[in-house]
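First up is the structure itself, then whatever we jot down about it.
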Number of protein chains: 2
Amino acid sequence: MTRARITLRDVAAAAGVSVATCSYVLSGRADRTTPLPEATRRRVEEAARQLGYKGNTAARSLRRQRSELIALVYAPPVGPWLDRLTLQCEDIAAGHGYSVIGVPIRRLDRAAQSLRVITRGHVDGAIFAPDLADFLDLTAARRSTRALLAFSEHLEAPGIDIVRNNVREAVAEATAYLLASGRRRIAFLSHAQTVNPARSDRYQGYLDALGAAGVAIDPRLVRAGAAAREDAVLVVRDLLDLPDPPDALVSESDRGAFAALQAAADRGVKVPDDLAVIGTGNTREASYSAPPLTSVGMYQLDFTAIVEALFARIDDPTLPARQLSLPWILNRRQSA
Amino acid sequence: MTRARITLRDVAAAAGVSVATCSYVLSGRADRTTPLPEATRRRVEEAARQLGYKGNTAARSLRRQRSELIALVYAPPVGPWLDRLTLQCEDIAAGHGYSVIGVPIRRLDRAAQSLRVITRGHVDGAIFAPDLADFLDLTAARRSTRALLAFSEHLEAPGIDIVRNNVREAVAEATAYLLASGRRRIAFLSHAQTVNPARSDRYQGYLDALGAAGVAIDPRLVRAGAAAREDAVLVVRDLLDLPDPPDALVSESDRGAFAALQAAADRGVKVPDDLAVIGTGNTREASYSAPPLTSVGMYQLDFTAIVEALFARIDDPTLPARQLSLPWILNRRQSA
DNA sequence: TTGTAGGCGTTATCAT
DNA sequence: ATGATAACGCCTACAA
């Protein structure tokens, strides 16, 4: 119980060889010209197993200048796609001898604290999930790690690989889809306090589609302040009580869309017949709502190339920054 | 860009003092008998700032035999309570100079891989969220870290602090609540393949309450196989189609309870009038369903004592294992 | 085929 | 009041 930690030296003593040999056997990817004889290798492995040798990450990191750890930075709550990303990260990381840790950012105003794991040099690389990198100061992180990769629509930073989701185009496509099905009074629901065209790709996409179709924008149909679900319900009720209510609604979030479904039920408005609803994010709950929510977002993704890009940069941090693409799509369900 | 990492030696050179002094100024909590003169301290701090000195965690860990990192191990998807736990962990950890990392266990069969962060000695301590510790082999983890704390109903392991939630008692209370409101045909819905009384505290709680009230168990009302939501809907529809259908339902998960709400809607059965529904877990969605779901689970928690217990054990791993308690309660909403 | 030795960057224990 | 210096445990070029 109180027995000291087993070190390489202990193993070496037990196996009757030098620590160097043990190191070669147990963790050596050293390109030795000649491999060790089977007998020695076995003796060392046996001794290590018997003693329960665990190695010491700190010592190894110090020596190798690598922690063999990558971080996945994200903002809860998360949906299925982050699950997939994590799983794939772990697989690919394992292939490189790396482990993956999660860094949940609960509150943006404490991000710096959460990111200490990165800024203090605990990890060799980090992946930033969507809707995060644009609001974070990554300079400290960039200096203290070998590789950074961010899902972001706008960020451009030297030495950081970026993944674009083409959110604006996807929302435009969704809006166009509503227009194509004959809807003309399409509302837009934002979770921000005020709708700032300059800051919202989603709103821009909405505008793009209406503009392209030559449909005038009715400012009364553009509503903000739908951050909390309760507020969103009130906002949508208000929309439905207009003398000329919307016949469709695009929400900047799935949460707002769920609120719209609820408000519609409250008012006896049928979805999708009287009101088509499209959410954004394609969260897990979208499949479960009544009716299931049509939502713009990622789906069925293969993140392999992205994770490999991170490892490529870990191997060679001087690589030119790359832009990768992972377009959002319209996931059609029953609400529109 | 390619400039080498700044080390203490660089700072020392710049400040014109020794590395020892720098170490003391920059990170020394050593209880020196006498504090350093203000002038020296300032000179060092200035030099460090100018050079952008970051420190090296690996070296520090190696020397101090501490990583100043704790892990929070959990199984997604997560609800609000894990958010709270994380937030409180981060606060308390920060007070101890520690950072928190998340270790999501996506699949139990790969847990060992995910747990390498712990078994390889990257962290000084780890907290295991509920429904995890009982299915994991913690021996490797226990040996490679200073402190372990697990939310678990049954686990008893030397040197691991345990938090009990009293799940069985809470489900019994919920069932008793249904009985008290006059329900007699109370169904039980399990997400397991078969209902194994020996392994399910929730089912045990259900049995306890029925037994105490002298209500006979109708085996037809006990259903398993409700793991996926779609399956659960079918199971509940089947229940509702019985000649003598249930007037209440206790689900082993909130997911199953949502399915019950949906199945009830499909069949025109009113909740809670014709069918009272109680879920388990008190997940975030419980507040959002129609009607909002009454659910047994944790709520409004203060994890301070728990996290502090972990740090106490980090400070002194020889502490006797403690049992802490954090009872589940019945969170009443509208479905029962 | 195996061992020796130097060093990764810090911190702690002495000296000075 | 400050500075040498020896670990911490591991990896690897080089020597034997």
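This is a predicted model, so every value here is computed, not measured.
- Here the P atom of nucleotide dT12(D) and the CG atom of Leu26(A) are 13 Å apart, to the nearest Å.
- Applying the 3.5 Å distance criterion, the base of dT10(C) shares no donor-acceptor pair with the side chain of Arg63(B).
- Rounded to whole angstrom, the span from the CD atom of Glu68(B) across to the C1' atom of dT11(C) amounts to 12 Å.
- Both Thr7(A) and Val17(B) lie close to DNA chain D; mapped to their nearest nucleotides by heavy-atom distance, the more 5′-ward contact belongs to Val17(B).
- Between the OH atom of Tyr24(A) and the C1' atom of dG9(D) there is a distance of 16 Å, rounded to whole Å.
- No engagement by Ser61(A) is indicated, since no non-hydrogen atom pair under 4.0 Å with the nucleic acid exists.
- Across all strands, Val19(A) comes closer than 4.0 Å to no nucleic acid atom at all (heavy-atom distances).
- Look at NZ on Lys54(B): it is 13 Å from P on dT10(C), rounded to the nearest Å.
- Aromatic ring orientation, Trp81(B) versus Phe303(B): tilted (interplanar angle from 30° to 60°).
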inquiry  = Test salt bridge (Lys or Arg N to Asp or Glu O under 4.0 Å) on Glu46(A) and Arg42(A); report intermediate values, then the result.
reply    = CA-CA 6 Å; Glu46(A) 180 59 20; Arg42(A) 266 245 265 286; over 6 Å; no
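- Atom pair Ile6(B):CD1 and dT10(C):P shows a separation of 10 Å (rounding to whole Å applied).
- The interatomic distance linking Arg9(A) (CZ) with dA7(D) (C1') rounds to 10 Å, in whole Å.
- The side chain of Ala59(A) lies closest to dG9(D), out of dG9(D), dT10(C), dG3(D).
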inquiry  = Using salt bridge (Lys or Arg N to Asp or Glu O under 4.0 Å), reason through Glu68(B) and Arg60(B) one step at a time and then give a plain yes or no.
reply    = CA-CA 10 Å; Glu68(B) 293 173 337; Arg60(B) 166 178 296 209; 3.8 Å; yes
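- As a whole-Å value, the separation of Tyr53(B) OH from dG9(C) P is 10 Å.
- Between Thr21(A) and dG3(C), a side-chain N or O to OP1/OP2 separation shorter than 4.0 Å is present.
- In this structure, the side chain of Arg116(A) engages the main chain of Tyr98(B) through a donor-acceptor pair within 3.5 Å.
- Contact between the side-chain N/O atoms of Arg60(B) and the OP1/OP2 oxygens of dT11(C) is found at a separation under 4.0 Å.
- His96(A) and Asp315(A) share no side-chain donor-acceptor pair at under 3.5 Å.
- At a threshold of 4.0 angstrom between heavy atoms, the contacts of Leu62(A) include nucleobase atoms, whether or not backbone atoms are also involved.
- OP1 and OP2 of dG9(C) both lie 4.0 Å or more from every side-chain N or O belonging to Ser23(B).
- Residue Gln65(B) places its side chain closer to dC8(D) than to any other of dC8(D), dT4(C), dG9(C).
- Computed from coordinates, the Leu8(B) CG to dA12(C) P distance equals 12 Å when rounded to whole Å.
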